[in-house]
Undergrad: 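Pasting a structure below so you can have a look.
These figures come from a predicted structure and were not determined experimentally. Just so you know, these numbers use all the heavy atoms, side chains as well, and skip hydrogens, waters and symmetry mates.
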Amino acid sequence: AWVQMPDGQKGVRVASGTVNRRGVFSVRRPLWRISWLWAQWNGDRDAHNCIATEYQKVDVRAAVEGRMKRPRKDDRGIPTYAPGASPRYVSSVVPPHPVDPLEIHVEENRGTSWAPIQQGIVAAGKRSVFKISAGLLGRGGQYRVRGVTQAHNDHLAGHSSWSYFEVRR
């Protein structure tokens with residue numbers, strides 16, 4: 001069996017099974033926090049029980065997802081908004097940490113580079129909505145937005161992919 005021990009707490013069995021002919025036992029299981037794992041053999045009639053002498057640390061990165069809420073897409077498939085609109089960005093974080101914020105970064109395309117124009121914070125829960133300020137968006141502008149979470153005792157930092165959008169002329 002593989003046993004998980006997060007933050008020095010009592011171990012909890014996360015999987016059990018049979019060792020294959022090559023002597024290998026593998027486990028696929030999602031972990032929601034940084035954990036220490038070790039193997040344990042409960043023994044049988046031919047062999048005594050034993051516990052691995054080395055632990056394996058498994059780092060978990062926060063999974064951040066985000067998308068533009070209800071965009072209209074132009075003929076190229078690019079999300080577009082009318083001038084004066086305040087687009088909304090919907091994001092989620094796994095594992096959710098309601099105490100720790102999720103940073104939202106909005107950038108504008110300046111031709112050869114991207115420049116930050118707005119940054120905000122929302123709760124890093126299962127679903128958060130961030131309103132992008134219409135006053136910062138120019139007609140014909142190209143923008144991108146993503147969510148970023150900082151490292152936590154339970155997980156490493158993470159970020160979503162960029163979501164791109166335009167404002168019509």
Undergrad: Should Pro87 and Leu137 count as side-chain neighbours, where that means a heavy-atom distance under 4.5 Å?
TA: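 The answer is yes; the side chains approach within 4.5 Å.
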Undergrad: In terms of ring plane angle, is the pair Tyr81 and Phe165 parallel, tilted or perpendicular, where the classes change at 30° and 60°?
TA: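 Correct class here is perpendicular.
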Undergrad: Measure across Glu107 and Pro116 and return the closest heavy-atom pair with its distance rounded to 0.1 Å.
TA: CG-CA, 3.9 Å
Undergrad: Drop me the distance from Arg144's CZ to Ser161's OG, to the nearest 0.5 angstrom.
TA: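 Answer rounded to 0.5 Å: 11.5 Å.
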Undergrad: Without swapping roles, check the side chain of Ser86 against the backbone of Lys131 for a donor-acceptor pair under 3.5 Å.
TA: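 Checked: no pair found.
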Undergrad: Which atom pair, heavy atoms only, marks the closest approach of Gly84 to Ala134?
TA: O-CB, 3.4 Å
Undergrad: Compare all side-chain heavy atoms of Ser92 with those of Val64 and state whether any distance is below 4.5 angstrom.
TA: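 No; the side chains remain at least 4.5 Å from each other.
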Undergrad: Which atom pair, heavy atoms only, marks the closest approach of Arg169 to Gly140?
TA: CG-CA, 3.8 Å
Undergrad: Using distance alone, with no hydrogens and no angle criterion, decide if His159 and Arg146 have a side-chain donor and acceptor under 3.5 Å apart.
TA: yes
Undergrad: With a 3.5 Å distance limit and no angle check, can you tell me whether Thr149 reaches the backbone of Leu102 through a side-chain donor-acceptor pair?
TA: no
Undergrad: Do any N or O atoms from the side chain of Arg61 and from the backbone of Ala157 form a donor-acceptor pair under 3.5 angstrom?
TA: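 Present.
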Undergrad: Search all heavy atoms of Phe130 against all heavy atoms of Val106 and return the closest pair with its distance.
TA: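 Smallest heavy-atom distance, with atoms named: CE2-CG2, 4.1 Å.
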Undergrad: Test Met68 against every option in Thr80, Ile132, Val90 by the side-chain contact (heavy atoms from CB on, under 4.5 Å) rule and name the one that passes.
TA: Ile132
Undergrad: For the residue pair Trp114 and Tyr164, is the inter-centroid distance of their aromatic rings smaller than 6.0 Å?
TA: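 Distance test on ring centres: under 6.0 Å, yes.
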Undergrad: Can you see which heavy atom on Ile104 is nearest to which on Ser91, and at what distance?
TA: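 That closest heavy-atom pairing would be CD1-OG, 4.2 Å.
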Undergrad: To the nearest 0.5 angstrom, please state how far the CD atom of Glu108 sits from the CG atom of Leu136.
TA: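 It comes to 9.0 Å.
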Undergrad: Does the side chain of Tyr89 come under 3.5 Å of the side chain of Ser160 through a donor N or O and an acceptor N or O?
TA: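 Yes.
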Undergrad: Please say whether more than 12 non-hydrogen atoms of neighbouring residues, nucleotides or ligands are located less than 6.0 Å from CZ in Arg168.
TA: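 Check passes, neighbour count above 12.
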Undergrad: Out of curiosity, Glu166 CD to Asn109 CG, how far, rounded to the nearest 0.5 Å?
TA: 9.0 Å
Undergrad: Is a donor from one side chain sitting under 3.5 angstrom from an acceptor on the other, for Gln150 and Glu103?
TA: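 Gln150 vs Glu103: donor-acceptor pair found between side chains.
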Undergrad: Got a second to check how far Ser128's OG is from Arg88's CZ, nearest 0.5 Å?
TA: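 If I round to the nearest 0.5 Å, the distance is 14.0 Å.
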Undergrad: Would you say Ile117 ends up clustered with Val145 if hydrophobic residues are merged whenever their side chains have heavy atoms under 4.5 Å apart, either directly or through other cluster members?
TA: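 Yes, Val145 connects to Ile117 through the hydrophobic network.
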Undergrad: Identify the two heavy atoms, one from Pro79 and one from Pro71, that lie closest to each other, and give their separation to 0.1 Å.
TA: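 Smallest heavy-atom distance, with atoms named: CB-CB, 3.5 Å.
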Undergrad: Got a sec: does the CD of Gln118 have more than 12 other heavy atoms crowding it under 6.0 Å?
TA: yes
Undergrad: Once rounded to the nearest 0.5 Å, what's the spacing between atom CZ of Arg76 and atom NZ of Lys73?
TA: 12.5 Å
